[in-house]
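Following: one structure in structure tokens, then a few remarks.
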Protein chains: 2
Amino acid sequence: MKEKVKVRDRILNVATDLFYHQGFNQTGINQIIAEANIAIGSLYNHFPSKNDLLLAYLRKQEEEWFEGLEKFTQGSSHPREKILKFIDYRIAQQQPDFYGCPFIKIIAEIGTQDQQVQQLVEGHKSRQRMLLQGLFQQLDYDGPIDKKLLADNFFLMVEGATVNATISRNIKPLEGVKKFIKKMIS
Amino acid sequence: MKEKVKVRDRILNVATDLFYHQGFNQTGINQIIAEANIAIGSLYNHFPSKNDLLLAYLRKQEEEWFEGLEKFTQGSSHPREKILKFIDYRIAQQQPDFYGCPFIKIIAEIGTQDQQVQQLVEGHKSRQRMLLQGLFQQLDYDGPIDKKLLADNFFLMVEGATVNATISRNIKPLEGVKKFIKKMIS
DNA sequence: TAAAAAATAGATAGATCTATCTATTTTTTA
DNA sequence: TAAAAAATAGATAGATCTATCTATTTTTTA
């Protein structure tokens, strides 16, 4: 028996795929309705404007990001292990084609003018950073670097590696970060 | 006496400003010719298509990036000093409004489909990385991390901090990288 | 099962986009 | 200074964009 996907979800699923892989400005309403197989009236009934659809897309990404991490790290208990799972998760997200981080991409595309978008993205990145700060605080590490500083800069390394994996179409930057942090916290 | 800026340069200067600050897809040919005060025929005479203008923009950015670094670091001789100048340069580039890195932005906007763009951007990032690898090799540092690994990950930190400075509209991520690397190579 | 709500196809408005073309004027070169 | 090259204003083509509207059909709710 057919599992019916609701119209709103069909729209949002297609928009998610296209905004992420093809870019927000390079995705037109007409392509979305064609691929989702819905009427244009339905789209504007659920999302009053393309910008509302963008916000729904970002909220969905935010929710799924933390759900995905939760699932990915279940079974790990030691903070060191969880930190390594974090980088593994972000590597896994980039497989196989290095499309980058959806939050970074939208800011690069449309800037920070739209306050709702800016706050969603800033909030998302801030939550990742906080999560890592918590994990690093729990470590029994006594290297030369303050734990919070190490956590913040580890986060930035992962961010930079994600961007440069896309640019070079290569996993190496991300693998290099993993190697680095392993040495630092071993 | 009036210094005449050539038509081609007026086009490229305006395109540079708009592509960088407003985005490539959000900048139309008509806005460029209006702000540059030139005829549309002249634009297409110098640049056969908008994509050719994009390539010229990226080549200009590439050239000016290394010229700018050269100027910024002149007077510094010790590798440690040069490394700190590198991060200072990338901080200075982000002042005062955190518009990010033009190379990262264009890839986030249009992806890696266009081979000329992809190669230009990958080449640029690779040259930055090589430059840093050279500086770190010259350091007399014997921390726990291999010099090349440290150089690569320092580069990635700066990249991530640039992106996150835009997102949070704050210099802190970049200052944090500086603090981190200072401790690592002191 | 009747009424209300949701979804549909498809036309349409009006703005905007890249690129080409024409006819004229200005600037540069030989 | 004459010929060639470059630049100009502005119309135009044809595609594409977001969003609205109408009239009809399908689905859901009471």
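Remember, predicted model here, so these are calculated numbers, not experimental data. By convention in this document, chain letters (A, B, ...) are assigned in the order of the sequence lines, proteins followed by strands, and residues within each chain are numbered from 1.
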Would you say [X] has more than 12 foreign heavy atoms packed within less than 6.0 Å of its [atom1]?
X: B:Lys147; atom1: NZ; value: yes
X: A:Lys60; atom1: NZ; value: yes
X: B:Gln115; atom1: CD; value: no

In whole Å, I'd like the distance from the [atom1] atom of [X] to the [atom2] atom of [N].
X: A:His46; N: C:dA5; atom1: NE2; atom2: P; answer: 15 Å
X: A:Arg8; N: C:dA6; atom1: CZ; atom2: C1'; answer: 15 Å
X: A:Leu53; N: D:dA19; atom1: CG; atom2: P; answer: 10 Å

Q: Could you say whether A:Asn45 or A:Ile40 is positioned toward the 5' end of DNA chain C, judged by the nucleotide with the nearest heavy atom to each?
A: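 Of the two residues, A:Asn45 wins.
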
Given [options], identify the nucleotide with an atom nearest to the side chain of [X].
X: B:Arg10; options: C:dT8, D:dT8, C:dA19; answer: D:dT8
X: B:Ser42; options: D:dT8, D:dA19, C:dA7; answer: D:dT8
X: A:Tyr44; options: D:dG10, D:dT20, D:dA7; answer: D:dT20

Please work out which of the three classes, parallel, tilted or perpendicular, describes the rings of [Y] and [X], given edges at 30° and 60°.
X: A:Trp65; Y: A:Tyr89; answer: perpendicular
X: B:Phe19; Y: B:Phe24; answer: perpendicular
X: B:Phe180; Y: A:Phe180; answer: tilted

Q) Quick one: bend of the helix from C:dT1-D:dA30 to C:dA30-D:dT1 from 5 pairs per end, to 10°? A)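 Result, rounded to 10 degrees: 30°.
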
Q. Under a 4.0 Å heavy-atom cut-off, which of residues 22-39 of chain A touch DNA chain C?
A.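 Heavy-atom contacts with DNA chain C come from A:Asn37, A:Ile38, A:Ala39.
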
Q: Compute both the distance and the angle, then confirm whether B:Lys105 meets the cation-pi test with B:Tyr99: under 6.0 Å from the six-membered ring centre, within 45 degrees of the axis.
A: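 No, B:Lys105 and B:Tyr99 do not form such a contact.
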
(Q) If I take atom CG from residue A:Asn164 and atom CD1 from residue B:Ile107, how far apart are they, to the nearest 0.5 angstrom? (A)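 Reported value, rounded in 0.5 Å steps: 10.5 Å.
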
